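Written below as structure tokens is the structure these notes are about.
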Amino acid sequence: MLKHIRIVACALLLAGSAGASAQQAGQCPLLPSSSGLQWQEQAQSDFIVCKATTSDGRTVLNVMLTARDPALTLSRALRAEKGSFAGESLYWYKPDMGGRELPGLDARRITTVKLARNRYAQIWIDADDVNELAALQQLTGNLDDATANFAGK
């Protein structure tokens, strides 16, 4: 009986450690547990999309990691705040909506950053308000590009 309990306990420990390894093996940057956000990862052969969702299901932060330059033209006139991602400096931009002023636009930002040779990140934030925007920009500045198995690499 004791031998059976030990076998079951070892099996449960191994299953638990395999689950922890699987969570760490994800290709999205690690989110701090205090953020209350959770990644939904979509990986393709040449890019990874990481969508951070709140507990109520809102997607507030998106990060696309790719080996191809997103070639996104961002107008200097729409430049907003300075920031960072994975140790690289960047500028946040207000989305270009063709001159239209849409509700909630002041709490949205987009940017791209070159991380290394043939490694890029395109990041966009869809916050509810400017306070949440500031918090998400700060969170993004603390994220690390710890994607060893980077798509397209």
Side-chain angles (χ1 to χ4, degrees), residues 14-153:
L14 287 173
S17 65
S21 296
Q23 289 173 351
Q24 292 173 357
Q27 297 182 29
C28 294
L30 292 177
L31 287 167
S33 57
S34 61
S35 71
L37 300 174
Q38 188 171 29
W39 287 124
Q40 292 179 359
E41 182 179 309
Q42 298 171 340
Q44 298 293 322
S45 61
D46 59 347
F47 67 90
I48 302 160
V49 176
C50 304
K51 296 181 178 190
T53 57
T54 61
S55 59
D56 63 356
R58 281 185 314 118
T59 301
V60 294
L61 173 64
N62 301 272
V63 178
M64 181 176 74
L65 302 167
T66 180
R68 289 188 280 163
D69 184 346
L72 184 64
T73 304
L74 299 168
S75 171
R76 188 176 180 104
L78 296 173
R79 188 181 278 183
E81 305 86 12
K82 280 187 167 187
S84 66
F85 175 75
E88 298 294 330
S89 295
L90 57 84
Y91 284 100
W92 289 102
Y93 293 82
K94 297 174 184 176
D96 184 359
M97 304 306 286
R100 292 179 294 161
E101 287 296 321
L102 300 175
L105 199 57
D106 58 335
R108 295 184 179 179
R109 294 293 185 271
I110 189 165
T111 194
T112 62
V113 62
K114 184 173 183 176
L115 302 171
R117 184 170 182 248
N118 297 326
R119 293 186 63 162
Y120 300 87
Q122 182 176 327
I123 308 162
W124 58 103
I125 295 175
D126 293 318
D128 261 355
D129 56 42
V130 292
N131 292 328
E132 186 178 44
L133 171 66
L136 289 166
Q137 287 175 316
Q138 183 176 7
L139 176 115
T140 303
N142 293 323
L143 291 179
D144 205 7
D145 176 36
T147 55
N149 298 321
F150 189 66
K153 187 175 177 184

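The structure presented is a predicted model; accordingly, all values stated were derived computationally and were not measured.
Scanning for side-chain hydrogen bond (donor to acceptor under 3.5 Å, both in side chains) contacts around Ser84 gives an empty result, with sequence neighbours left out. When the side chain to side chain contact (heavy atoms under 4.5 Å, CB included) test is applied to Ser75, the partners found at least two apart in sequence or on another chain are Ala77, Leu78. Residues satisfying the side-chain hydrogen bond (donor to acceptor under 3.5 Å, both in side chains) criterion with Asn131, sequence neighbours excluded, are absent altogether. Applying the side chain to side chain contact (heavy atoms under 4.5 Å, CB included) test to Ser35 and every residue at least two apart in sequence or in another chain returns Leu31, Pro32, Leu37, Leu139.
Pairs passing the disulfide bond (SG atoms under 2.5 Å apart) check and including a residue from residues 54-109, sequence neighbours excluded, do not occur. Sequence neighbours left out, not one pair with a member in residues 98-127 passes disulfide bond (SG atoms under 2.5 Å apart). Screening residues 90-134 for disulfide bond (SG atoms under 2.5 Å apart), with sequence neighbours left out, gives no hits. Each salt bridge (charged side-chain N to carboxylate O under 4.0 Å, His left out) pair with one or both residues in residues 71-84, not counting sequence neighbours, appears once here: Glu81-Arg109. Residue pairs meeting the disulfide bond (SG atoms under 2.5 Å apart) criterion with at least one member in residues 47-136, sequence neighbours excluded: Cys28-Cys50. Applying the salt bridge (charged side-chain N to carboxylate O under 4.0 Å, His left out) test to pairs two or more places apart or on separate chains, those with a residue in residues 120-133 are Arg58-Asp128, Arg58-Glu132, Arg108-Asp126.
With Gln42 contributing its side chain and Ile48 its backbone, the two residues share no donor-acceptor pair below 3.5 Å.
Between Trp92 and Ile123 the shortest side-chain heavy-atom distance falls below 4.5 Å.
Within a 6.0 Å radius of CD in Glu88, more than 12 heavy atoms belonging to other residues, nucleotides or ligands are found.
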